[in-house]
Structures are given as structure tokens and as C-alpha cells.
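Please read the structure below before turning to the comments.
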Number of protein chains: 2
Amino acid sequence: MTDRRRSVAAAADGFMRAFTVDDLIAAARAHSPGIGVATVYRAVASMEDAGALERVGSRDGSALYVRCSVEEHHHHLVCTACGAVAHTPCPLGAPASDAAHEGFVVTSHQVTLYGLCAACATTGPEGG
Amino acid sequence: MTDRRRSVAAAADGFMRAFTVDDLIAAARAHSPGIGVATVYRAVASMEDAGALERVGSRDGSALYVRCSVEEHHHHLVCTACGAVAHTPCPLGAPASDAAHEGFVVTSHQVTLYGLCAACATTGPEGG
DNA sequence: TCCAAAATGAGAATCATTATCACAAGTAGA
DNA sequence: TCTACTTGTGATAATGATTCTCATTTTGGA
Ligand SMILES: [Mn+2]
Ligand SMILES: [Mn+2]
Ligand SMILES: [Zn+2]
Ligand SMILES: [Zn+2]
């Protein structure tokens with residue numbers, strides 16, 4: 001774990017919302033001014049591999065990520081208005097046992113729920 | 001509905017697997033030799049809006065789509081070995097009622113299961 | 001300390017997707 | 001038929017996120 005990687009991880013920790021790699025670069029530069037984009041992209045890739053980061057879609061052609069500190073397998077609720085993220089348990093009881101598709105071996109799956117967080121649903125966008 | 005749009009739709013119908021826009025362009029040119037990439041991208045966008053196409057991830061930086069003739073809300077099983085696609089009913093009973101996240105109003109969600117289709121699981125990749 | 005392996009960053013390259021824009025085709029009304 | 005207007009098309013340029021290159025540090029262990 002290098003100094004740069006620590007900066008990126010800390011920057012990711014700072015977000016309460018979904019963020020882009022650009023967001024991450026800007027945040028990481030607060031503590032590591034000279035950090036390069038390639039380094040951040042590399043850190044993102046390794047954090048994604050490690051499960052510390054998960055991609056939850058994209059916005060204007062940029063990938064959107066959320067920080068996951070939870071170890072167990074889980075999924076996400078992403079507010080499309082303010083970007084707030086909640087981590088939610090996996091709702092799929094036994095996806096591999098779907099009788100209609102016998103023989104299909106599920107190795108991974110991705111569930112993302114989009115909508116409005118409580119704050120945005122009540123006070124409107126930018127309200128949270 | 002123009003001649004070009006019809007060609008793209010027909011090309012999409014021809015795929016039994018997930019496909020990229022490039023795949024679609026090549027297939028559409030079989031019947032509309034001069035069709036341009038912009039036109040295909042525009043057709044893809046409108047079919048996606050109409051629910052006739054759904055994006056199910058990406059491969060090497062290119063978006064992957066599947067053709068959906070089913071009208072009802074559903075999701076997909078995508079074979080990561082051969083690209084085979086199965087359409088599967090929505091496994092989420094009442095996603096909006098998750099007690100742990102009261103207040104979050106779910107407006108859309110995306111569920112994709114990746115794995116191996118029966119053929120690939122038994123005979124190995126390229127076996128299906 | 002010494003060294004091989006891994007990480008870094010500036011910049012170039014890639015390349016999927018979009019934007020432009022001039023033109024073709026249809027449409028509706030006069 | 002003429003005209004005005006809208007829509008679709010396609011060649012091409014532009015965009016921009018991500019990846020690659022490569023010379024230069026940095027790291028962590030012996
Ligand atoms: Mn999470
Ligand atoms: Mn479908
Ligand atoms: Zn569903
Ligand atoms: Zn398969």
C-alpha cells in the first residue's frame with residue numbers, strides 16, 4: 001500500500017455519494033497535489049478488483065463509482081437526483097435455481113436500484 | 001419508421017446473443033450497404049428508449065446490447081463465455097419496501113446475472 | 001545499503017460515441 | 001404544382017474518457 005493508493009482510498013472514503021474518477025482525482029489532489037490521472041485510474045481498478053469500489057452506472061459518459069466498506073456481497077440504492085448511495089442486502093434468494101433457466105450457472109450478478117433518496121423525494125433535487 | 005430503422009431492427013432480430021453496436025452496423029449493412037454509423041447509433045438510442053433494446057454491460061469498452069421482444073419488465077442472464085442471452089422474470093418482489101431504506105423511492109432498477117449458459121457450462125467456451 | 005520489482009506521471013494514443021452540417025426525402029398547405 | 005417546414009441520413013470532424021508508453025522514482029525485502 002503506497003502513499004498514492006492511500007490518498008485515493010482516503011479520497012474515496014470522503015464521498016457520501018456516487019462519484020466519478022474525475023471527482024476522485026480532484027479529491028485525491030487535496031492531499032497528494034501531484035498525483036496523476038493514470039495513477040488514480042490504476043488505483044480505481046485495483047480497488048474495484050478488491051471489492052472496495054463498485055461501479056454503479058455512468059453519468060455523461062463517465063463511470064460512476066461507490067465506495068464499499070461492507071465486506072459481504074450486497075447491492076446499491078442510488079439517488080438519481082443527488083447521488084446519495086445506500087448499501088442494501090442482496091434480494092436474490094437463489095438466482096441460480098431459476099427453474100426457467102436450468103443449466104445456467106450464475107457466477108456474478110449486479111443489482112442497482114435507481115430512484116430518489118428520502119431527502120430528494122420530499123424536498124426535491126439538491127435538497128439533500 | 002424508415003427503411004434504415006427497419007434494417008437496424010431486422011439486424012438486431014438476427015442476433016441470438018448480446019451484441020455491440022459494431023456488430024449491429026455490420027449486420028445492418030448486409031441489407032442497407034450504405035448505412036452510416038451515426039444512423040445506427042441513432043436507431044439504437046431510439047430502440048433503447050422504446051424498450052426494444054437493453055444494455056447489459058460492456059466488452060472491451062463497447063456497450064453490449066440485447067434485443068427484447070418481451071413487453072413486460074424483465075431482466076437478463078448473460079453468458080460471459082458465448083454471449084447467449086436469456087430473458088428472466090424480475091426477482092424483486094417489492095424493492096421499494098426495503099425496511100432498511102424507508103423513504104427511498106425506487107424509479108428503476110437493473111438486474112443482470114452473468115455466468116455460463118448450459119452449453120458453455122458443460123462443453124466449455126465456444127461450445128455453444 | 002543494494003537491488004529487482006512495482007508504482008508513478010507526463011504525455012501520446014486509442015477509439016467508442018457525439019456533434020456538425022449539407023443534403024435528401026417526405027408532408028402539408030396554398 | 002410550388003413552397004415552407006420537418007425529419008432522417010451519412011461523411012466527417014470533434015469530443016473525451018480511458019489506456020498505453022516509457023523514463024523515472026519509490027518500495028520493501030535481502
Ligand atoms: Mn456497497
Ligand atoms: Mn430482454
Ligand atoms: Zn426487475
Ligand atoms: Zn454460453
Side-chain angles (χ1 to χ4, degrees), chain A residues 1-13 15 17-67 78 80 83 110 112, chain B residues 1-13 15 17-67 78 80 83 110 112:
Chain A
M1 176 59 67
T2 70
D3 172 61
R4 299 315 202 187
R5 299 288 172 101
R6 259 185 295 274
S7 288
V8 175
D13 281 337
F15 288 101
R17 320 234 151 140
F19 52 86
T20 65
V21 175
D22 262 357
D23 295 334
L24 203 49
I25 291 170
R29 282 185 172 155
H31 286 144
S32 292
I35 194 170
V37 300
T39 299
V40 177
Y41 272 100
R42 283 184 288 243
V44 165
S46 82
M47 291 178 75
E48 206 177 353
D49 284 347
L53 234 48
E54 185 165 321
R55 185 175 171 165
V56 293
S58 54
R59 182 175 57 202
D60 308 318
S62 299
L64 270 185
Y65 292 91
V66 306
R67 178 72 213 278
V78 181
T80 53
Q110 196 255 346
T112 307
Chain B
M1 177 59 68
T2 69
D3 172 61
R4 299 313 202 188
R5 300 288 172 101
R6 257 186 296 274
S7 288
V8 175
D13 281 337
F15 288 100
R17 321 235 151 140
F19 53 86
T20 65
V21 176
D22 261 358
D23 294 336
L24 203 49
I25 291 171
R29 282 186 172 154
H31 287 143
S32 293
I35 194 170
V37 299
T39 299
V40 176
Y41 272 100
R42 282 185 288 245
V44 165
S46 83
M47 291 177 76
E48 206 176 354
D49 284 345
L53 281 187
E54 184 166 322
R55 187 177 170 164
V56 292
S58 53
R59 182 175 55 202
D60 307 318
S62 299
L64 271 184
Y65 292 92
V66 305
R67 178 71 213 277
V78 181
T80 52
Q110 196 255 345
T112 306

Phosphate OP1/OP2 of dT19(D): any Tyr41(A) side-chain N/O under 4.0 Å: no
Could you give the CG-to-P distance, from Asp3(B) to dA24(C), as a whole number of Å? 17 Å
List the steps, then state whether side-chain contact (heavy atoms from CB on, under 4.5 Å) holds for Arg55(A) with Leu64(A). CA-CA 6 Å; Arg55(A) 185 175 171 165; Leu64(A) 270 185; 5.9 Å; no
Distance check needed: dG16(D) C1' versus Arg59(A) CZ, whole Å only. 16 Å
Given side chains that start at C-beta, do those of Arg6(A) and Ser32(A) come closer than 4.5 Å, heavy atoms only? no
Measure CD1/Ile35(A) against P/dT25(D) and give the value in whole Å, please. 17 Å
Thr2(A) side chain near dT8(C) phosphate (N/O to OP1/OP2, under 4.0 Å): yes
Mind calculating the distance between CZ (Arg6(B)) and C1' (dA25(C)) to the nearest angstrom? 14 Å
In whole Å, what is the span from the CD1 atom of Ile25(A) to the C1' atom of dT19(D)? 13 Å
I want to confirm an ordering. Mapping Val21(B) and Val40(A) to their closest nucleotides on DNA chain C, which one lands closer to the 5' end? Val40(A)
Ser62(B) side chain, from C-beta outward: closest of dG9(C), dA16(C), dG10(D): dA16(C)
Okay, side chain of Arg4(B), backbone of Thr39(B): is any donor-acceptor separation there less than 3.5 Å? no
So, does Arg4(B) get its side chain near the phosphate of dG10(D), meaning an N or O under 4.0 Å from OP1 or OP2? yes
Verify the distance criterion only: is there a donor paired with an acceptor across the side chains of Thr20(A) and Asp23(A) at less than 3.5 Å? yes
Measuring from the side chain of Arg5(B) (C-beta onward, heavy atoms only), which nucleotide among dA17(D), dG8(D), dA11(D) has the closest atom? dG8(D)
May I ask you to evaluate whether Arg42(A) reaches the phosphate of dT19(D), defined as a side-chain N or O under 4.0 Å from OP1 or OP2? no
Short side-chain to backbone donor-acceptor contact, Arg5(B) and Ala43(B), under 3.5 Å: no
Would you mind reading off the distance between Leu24(B) atom CG and dA16(C) atom C1', rounded to a whole angstrom? 15 Å
Return the value, rounded to whole Å, for the distance between atom CE of Met1(B) and atom P of dT7(D). 16 Å
Nearest nucleotide by nearest heavy atom, which residue falls closer to the 5' end of DNA chain C, Asp60(B) or Thr39(A)? Thr39(A)
Taking atom P of dA16(C) as reference, at what distance in whole Å does atom CG of Asp22(B) sit? 6 Å
